[in-house]
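Order of listing sets the numbers, starting from 1, for every ligand and every atom in it.
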Amino acid sequence: MIIPSEFAAEAFVFRGDRLVPERISVKNGAIVPGDPGYPEAGFRLAVFPDCLNAHTHCADFRMKIPPGLPLEELVAPPDGLKHRYLRDTSAGIIGSSMREFRRISLSSGSVSFIDFRENGAEGCRLLRENAPEAIILGRPASPEFDPEEMEKILEYADGIGLSSISDVPGRYLDDIADFVRSKHSVLAIHASERIREDIGRVLSLDPAFVVHMCEAEKSDIAECADSDVPIAVCPGSNAYFGKTPPLAEMFSCGASVALGTDNGMLRAPDLASEASLLMDIIKKQNCDPGQVFGVFTALNGKILNHKIRISHSIQRRVMAVPFEGEPLPGNIFCRSSHGISLKPQNRSDRNGV
Ligand SMILES: [Zn+2]
């Protein structure tokens, strides 16, 4: 769909838990006040303020993957194909991959992305340099717990993002979790992606949120909901490995569900496109289609500025999704959906975008 440089459109703005109709006029990617008389667009817009991509790995954005590689051989540390790529690729190429990933993420409307950053402190430094507003959760690279390395990671990162309890020795996990607590920082971790993992053990680490939970039982999900630990789901990446997040159980347990695009080598960081895959699962699992709207902002109040203090600047922007027909979830998020970034008006009353 071609987006003109100046247009007026009927928009539906997501506020709290519903879409509110509002006319908007857009000039060069910015919402302008009043009605300057721009030509009417041939589409409507669904508008979502301050969308956060809840889970990414941006450094492998340019990596090419051979088809049919099992999950473990591709992404399991320390010697999965992805980790060998990250070790063997120059900082120049990784840095430019990060910049390209960031450009697409911003231009498709996300305010920022929460990146699980491999390669220790150096990986975090590289991302901070190339994507200043990224929320970085770094991963230690040393084979044994090293408080100095942890200190260095947290110089650049907003917290720690771990592979999974199955990939890290138990003592090491506890040392990391203790260190994170002592620094009043945050930790997040992949959980039950490939196999079911002990949710009690996962939650003992006090994660700010967990990622995937494809193989989780309903009781595991209920424990997350009871502990107020949000779950980030990544339907595109999961589908690549033949997995499906149990959304119906997540919603019925009252878990906070956030949306992420996961590995850059598998998915571009376009949340609207990812949400169309989520819609497919919502339909298959007979969930309330309206649940799709909340997943962009599920982490905002729970994590940002609450557990992760944002010291670097995040520019306000809205994700606008062009669509046709009634403002129903299935019309807004379909296979051709993509997000565009619009700069909101500079308004102090925060009414209207
Ligand atoms: Zn991940």
Side-chain angles (χ1 to χ4, degrees), residues 52-63 65 69-86 94 97-98 101-102 105 110 112-120 123-124 127 131 134-141 153 157-168 173 176 186-197 202 205 207-216 224 229-245 250 257-271 274 277-278 295 298-299 303 308:
L52 181 65
N53 190 337
H55 184 62
T56 64
H57 301 262
C58 67
D60 51 65
F61 190 45
R62 291 232 183 100
M63 184 181 145
I65 39 177
L69 212 58
L71 182 59
E72 219 174 341
E73 286 178 38
L74 185 56
V75 297
D79 290 320
L81 184 61
K82 182 179 99 161
H83 298 279
R84 282 182 276 141
Y85 169 86
L86 293 178
I94 298 283
S97 297
M98 290 170 168
F101 184 96
R102 169 184 185 257
S105 175
S110 299
S112 184
F113 54 92
I114 301 181
D115 200 78
F116 274 35
R117 193 67 281 280
E118 297 93 347
N119 290 24
C124 297
L127 181 52
I135 296 160
I136 304 175
L137 301 182
R139 183 182 302 178
I153 287 173
D158 301 284
I160 300 295
L162 296 178
S163 173
S164 77
I165 59 166
S166 307
D167 297 328
V168 184
L173 273 176
I176 291 172
V186 297
L187 175 154
I189 187 165
H190 300 89
S192 296
E193 179 182 14
R194 183 173 53 83
I195 51 165
R196 184 184 181 200
E197 291 170 321
V202 172
L205 304 170
F209 65 99
V210 295
V211 183
H212 294 312
M213 297 287 277
C214 297
E215 295 300 318
C224 289
V229 172
I231 302 168
V233 298
C234 310
S237 156
N238 294 155
Y240 183 85
F241 298 113
K243 305 281 181 189
T244 307
M250 293 177 188
V257 179
L259 187 64
T261 54
D262 208 1
N263 290 287
M265 63 186 166
L266 298 175
R267 299 287 298 163
D270 180 340
L271 279 180
E274 198 71 21
L277 303 183
L278 198 75
V295 300
L299 292 186
I303 306 248
I308 299 177

inquiry  = Run the ring-ring contact (aromatic ring centres under 6.0 Å, His included) test against F101 and tell me which residues pass, sequence neighbours left out.
reply    = F61, F113
query = Would you say H212 reaches the Zn ion (ligand 1) with an N/O/S atom under 2.8 Å?
reply = no
ask   = Within H190, is some N, O or S atom less than 2.8 Å away from the Zn ion (ligand 1)?
value = yes
message = Could you check whether E193 and S164, counting side-chain N and O atoms only, form a donor-acceptor pair closer than 3.5 Å?
response = no
Donor + acceptor pair across side chains of N53, T261 (<3.5 Å) = yes
message = Please report, to 10°, the angle around the Zn ion (ligand 1) from atom NE2 (H55) across to atom NE2 (H57).
response = 100°
note = Sorted by chain and number, sequence neighbours left out, side chain to side chain contact (heavy atoms under 4.5 Å, CB included) with R194 holds for L71, E72
query = Do you know which N/O/S atom name in D262 is closest to the Zn ion (ligand 1)?
reply = OD1
